[in-house]
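Read through the structure below, which is laid out as structure tokens, and then see the notes.
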Amino acid sequence: MDGHYSHLMDPFCVIITECSGETLRKRLEERGYGENKIRENMDVLLFDSIYDESLEYVPSNRILKVSTERPYGEEDLRRIRNFINKMEEKFNGS
């Protein structure tokens, strides 16, 4: 679950997508965000806030960080699928 409702979920794992500050700023500017919103997002990236908040829901070994610096390739998708499958097996006790 992405976005404003993710804190209402009971996840068995978390996947965090991230990119460099330069890339994030460029993407947000291209979307027409104002400087305050851009600064807020840059702070979240700088302080790794999403990771810290994720630790409130799952242990660190159930969190995967994935770079969005470049478009996903087959290897990236395979890594994500493998992580989800592994976490699902552990979570479901399979």
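With sequence neighbours left out, P71 forms a side chain to side chain contact (heavy atoms under 4.5 Å, CB included) with no residue at all. In this structure R70 satisfies the side chain to side chain donor-acceptor pair (under 3.5 Å) test together with D76, sequence neighbours excluded. Residues meeting the side chain to side chain contact (heavy atoms under 4.5 Å, CB included) test with S20, sequence neighbours left out: E22, T23, E69. By the side chain to side chain donor-acceptor pair (under 3.5 Å) test, R78 pairs with E75, sequence neighbours left out. Looking at residues two or more places apart in sequence or on another chain, you find a side chain to side chain donor-acceptor pair (under 3.5 Å) between R27 and T68.
Residue S67 holds its OG atom at 8.0 Å from OH of Y72, rounded to the nearest 0.5 Å. A distance of 8.5 Å separates CG in L64 from CD1 in I84, rounded to the nearest 0.5 Å. Interatomic distance, L55 CG to I63 CD1, rounded to the nearest 0.5 Å: 4.0 Å.
In this structure, the side chains of E18 and Y51 stay at 4.5 Å or more apart for every pair of heavy atoms. Using a 4.5 Å heavy-atom threshold, the side chains of C13 and V58 count as separate. Within the 4.5 Å cutoff, no side-chain heavy atoms of V14 are placed close to those of I50.
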For a quick test of your reading: what N or O donor-acceptor pairs under 3.5 Å do the side chains of residues 37-49 make, sequence neighbours left out?
| unit_1 | atom_1 | unit_2 | atom_2 | d |
| --- | --- | --- | --- | --- |
| R39 | NH1 | N36 | OD1 | 3.2 |
| N41 | ND2 | K37 | O | 2.9 |
| D48 | OD1 | K65 | NZ | 3.1 |
| D48 | OD2 | K65 | NZ | 2.8 |

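The nearest pair of heavy atoms linking R62 to F12 is NE-O, 2.6 Å.
The only option from E30, K26, R31, R25 that meets the side chain to side chain contact (heavy atoms under 4.5 Å, CB included) definition with L28 turns out to be R31.
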